[in-house]
Amino acid sequence: MGVKGFVEGGIASIIAGGSTHPLDLIKVRMQLQGESHVPNPATIQTLRPAFAFNASSTTAAAPGVIHAPPPPPPRLGVVAVGVKIVQTEGVAALFSGVSATMLRQTLYSTTRMGLYDVLKHKWTDPNSGNMPLMRKISAGLIAGGIGAAVGNPADVAMVRMQADGRLPVAQRRNYKSVVDAIGQMTKQEGVTSLWRGSSLTVNRAMIVTASQLATYDQVKETIIGNDVMKDGLGTHVTSSFAAGFVAAVASNPVDVIKTRVMNMKVEGGAEPPYAGAMDCALKTVRAEGPMALYKGFIPTVSRQGPFTVVLFVTLEQVRKLLKDF
């Protein structure tokens, strides 16, 4: 039963991840919008004097001369970002990093789906056949955290490969594949770079898995238990959309910070752009406002919805095919 849950979850996750990859790429690009305007600690006051740590450093300018901060570039929407990618990088760019997505789903999602299935069978009440909501959430937190720790190298590679096209040609990493990305990161930045942002990845995965899987199971049980619909495609799709929306709302702020920390370029001997997750969050909010933590929310929902629907509909069909094994 345990192995079967991993196989079923892995197949469904790989299909869902591959089919929604372009939406995930657009989400990453939107989350990185405006990041070039995030200053380092030494120059933060030139962008937003009101948030300066040291007001005296603003006196370097000539008396009476006020230098207005440069206006930020316009923020593009989902369609505009997608069109820009196609126009500047070609249609194939929408699948940049797809090899990393496949590896990530193989490692991360297979682990979390399989572990959740194991815990679900162990914690389900044998008399009623139901699992209390808090146990579902607990199972999701445990499964998501372990899955994220296993899949973090692929996650870092995926973010970098998806974001590479937005950089100037001279600054691009030009990874050929997920294997090449992991190899170059290991050689140039050390093995520990493969787990950069791992605390954020684990936190996000715990939130996503707990909200997504618990919501799906709870909504599905409620619909069937109240005779709203029978256990079929309509119930699976409805439960999936609810799960995707809840997961997107809960995880987007952590996802933005995770994307930026993983994507930062660390030059030898230079101070990294962000000292950690909290530093990244503070700099992002100061430079771009609190709502910057919900950058890419529309594509996140647009991606989580279809991803979750494909994931659970495929999972239900795979379960039917493998029910006799």
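Note: hydrogens, waters and symmetry copies are ignored here, and every other heavy atom, side chains too, is used. Predicted model only: the values in this text are computed from it and were never measured.
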TODO: Check Ala149 against Trp195 and note the closest heavy-atom contact, atom names and distance.
DONE: O-NE1, 3.1 Å
- [ ] Please indicate whether Lys265 has more than 12 foreign heavy atoms, meaning atoms of other residues, nucleotides or ligands, lying under 6.0 Å from its NZ.
- [x] yes
TODO: Return the minimal non-hydrogen interatomic distance between Cys280 and Tyr274, and the atom names on each side.
DONE: CA-CD2, 3.6 Å
Task: Check: Val83 and Val79 side chains under 4.5 Å, non-hydrogen atoms - done: yes
TODO: Report the distance from atom OH of Tyr175 to atom CG of Asp180, rounding to the nearest 0.5 Å.
DONE: 8.0 Å
Open item on the list: Whether the side chain of Arg29 engages the backbone of Gln162 through a donor-acceptor N/O pair (distance < 3.5 Å, no angle test) should be reported.
Closed with: yes
Open item on the list: Could you walk me through whether Met158 and Val178 satisfy the side chain to side chain contact (heavy atoms under 4.5 Å, CB included) test, starting with their C-alpha distance in whole Å, then the side-chain angles of each, then the deciding distance to 0.1 Å, before giving a yes or no?
Closed with: CA-CA 7 Å; Met158 182 188 71; Val178 64; over 6 Å; no
- [ ] Determine the minimum heavy-atom distance between Ser211 and Ala247, stating which atoms define it.
- [x] OG-CA, 3.3 Å
- [ ] Quick one: closest heavy-atom pair of Asn152 and Ser198, and the distance?
- [x] OD1-CA, 3.3 Å
Task: Check ion pair Arg160-Asp164 (N to O, under 4.0 angstrom) - done: no
Task: Worked check of side chain to side chain contact (heavy atoms under 4.5 Å, CB included) between Phe6 and Leu115 - done: CA-CA 7 Å; Phe6 283 91; Leu115 285 177; 4.0 Å; yes
TODO: Could you check if a side-chain atom of Leu311 sits within less than 4.5 angstrom of a side-chain atom of Ser13, using non-hydrogen atoms only?
DONE: yes
Open item on the list: I want to check something: taking the side chain as every heavy atom from C-beta on, are Lys258 and Asp155 in contact at a cut-off of under 4.5 Å?
Closed with: yes
Open item on the list: Hydrophobic clustering (ILVMFWY, side-chain heavy atoms < 4.5 Å, transitive) - are Phe307 and Val313 grouped together?
Closed with: no
TODO: May I have the step-by-step check of side chain to side chain contact (heavy atoms under 4.5 Å, CB included) for Ile15 and Val318, ending in yes or no?
DONE: CA-CA 11 Å; Ile15 293 174; Val318 172; 5.8 Å; no
TODO: Kindly work out whether a path of hydrophobic side-chain contacts (I/L/V/M/F/W/Y, heavy atoms less than 4.5 Å apart) joins Met262 to Leu194.
DONE: yes
Task: Working for side-chain hydrogen bond (donor to acceptor under 3.5 Å, both in side chains), residues Gln171 and Arg166 - done: CA-CA 10 Å; Gln171 297 179 22; Arg166 68 185 286 274; over 6 Å; no
TODO: Measure across Phe95 and Pro22 and return the closest heavy-atom pair with its distance rounded to 0.1 Å.
DONE: CZ-CG, 3.6 Å
- [ ] Given side-chain hydrogen bond (donor to acceptor under 3.5 Å, both in side chains), test Thr300 with Asn252 step by step and report yes or no.
- [x] CA-CA 7 Å; Thr300 296; Asn252 203 89; 3.0 Å; yes
Task: Gln31: which of Thr259, Asn263, Thr284 passes side-chain hydrogen bond (donor to acceptor under 3.5 Å, both in side chains) - done: Thr259
Task: Co-membership, hydrophobic cluster, residues Leu23 and Val310, 4.5 Å side-chain - done: no
Open item on the list: Do Met131 and Lys122 have side chains that approach each other closer than 4.5 Å (heavy atoms only, starting at C-beta)?
Closed with: no
Open item on the list: Would you call the rings of Phe245 and Phe297 parallel, tilted or perpendicular, taking 30° and 60° as the class edges?
Closed with: perpendicular
Open item on the list: Quick check against the 3.5 Å criterion: does Lys283 have a side-chain atom that pairs as donor or acceptor with the backbone of Pro273?
Closed with: yes
Task: Flag, side chain of Thr235 to backbone of Lys230, donor-acceptor distance under 3.5 Å - done: yes
Task: Basic-acidic side-chain contact under 4.0 Å: Asp117, Lys4 - done: no
Task: Sub-4.5 Å side-chain heavy-atom contact between Ile223 and Ser239 - done: yes
- [ ] Compare all side-chain heavy atoms of Thr20 with those of Gln304 and state whether any distance is below 4.5 angstrom.
- [x] no
- [ ] Enter the distance from Thr101:OG1 to Ile14:CD1 here, rounded to the nearest 0.5 Å.
- [x] 11.5 Å
Open item on the list: What verdict does the side-chain hydrogen bond (donor to acceptor under 3.5 Å, both in side chains) test give for Ser251 and Arg204, after you've listed the backbone C-alpha separation in whole Å, the side-chain angles of each residue and the deciding distance to 0.1 Å?
Closed with: CA-CA 6 Å; Ser251 67; Arg204 177 190 177 275; 4.7 Å; no
Open item on the list: For the backbone of Asn127 and the side chain of Asp125, can you confirm whether one donor and one acceptor N or O come within less than 3.5 Å of each other?
Closed with: yes
- [ ] Examine Met206 and Trp123 and state if one hydrophobic cluster contains both, with Ile, Leu, Val, Met, Phe, Trp and Tyr joined whenever side-chain heavy atoms are less than 4.5 Å apart.
- [x] no
Task: Minimum heavy-atom distance Val28-Val159, with the two atoms named - done: CG1-O, 4.4 Å
Task: Pairwise distance OG1(Thr209) to CG(Leu141) - rounded to 0.5 angstrom - done: 8.5 Å
TODO: Working to the nearest 0.5 Å, report the span between CE of Met161 and OG of Ser96.
DONE: 7.5 Å
Open item on the list: I'd like to know if Glu288 and Arg260 make a salt bridge, using a cut-off of under 4.0 Å between side-chain N and carboxylate O.
Closed with: yes
Open item on the list: Checking Leu321 against Gln317 for the side chain to side chain contact (heavy atoms under 4.5 Å, CB included) test, could you report, in this order, the C-alpha distance in whole Å, the side-chain angles of both residues, the deciding distance, and whether it holds?
Closed with: CA-CA 6 Å; Leu321 292 173; Gln317 297 307 311; 5.6 Å; no
Task: Glu189 bridged to Arg196 by N-O distance under 4.0 Å - done: yes
Open item on the list: If you define the side chain from C-beta out and look only at heavy atoms, does anything of Leu213 sit under 4.5 Å from Phe312?
Closed with: yes
- [ ] Mind checking the CE-CD1 spacing from Met229 to Ile224? Nearest 0.5 Å is all I need.
- [x] 9.0 Å
Task: Lys84 bridged to Glu89 by N-O distance under 4.0 Å - done: no
Open item on the list: If hydrophobic clusters are built by linking Ile, Leu, Val, Met, Phe, Trp and Tyr wherever their side-chain heavy atoms come under 4.5 Å apart, do Leu119 and Tyr108 end up in the same one?
Closed with: no
Open item on the list: Assess, by modelled atom type and distance only, whether the side chains of Tyr294 and Asp255 contain a donor and an acceptor separated by less than 3.5 Å.
Closed with: no
Task: Side chains of Arg112 and Val208 in contact at under 4.5 Å (non-hydrogen atoms) - done: yes
Open item on the list: Determine whether Glu8 and Lys323 satisfy the following criterion, salt bridge (Lys or Arg N to Asp or Glu O under 4.0 Å), listing intermediate values before the conclusion.
Closed with: CA-CA 10 Å; Glu8 293 169 346; Lys323 65 181 181 179; over 6 Å; no
TODO: Look up atom CZ in Arg104 and atom OG in Ser99, then write down how far apart they are to the nearest 0.5 Å.
DONE: 13.5 Å
Open item on the list: Does Lys136 form a side-chain hydrogen bond (donor to acceptor under 3.5 Å, both in side chains) with Gln218? I'd like the steps, not just the answer.
Closed with: CA-CA 8 Å; Lys136 291 172 186 169; Gln218 192 67 28; 2.7 Å; yes
- [ ] Among Thr308, Leu133, Val246, find the residue that satisfies the side chain to side chain contact (heavy atoms under 4.5 Å, CB included) test when tested with Thr215.
- [x] Val246
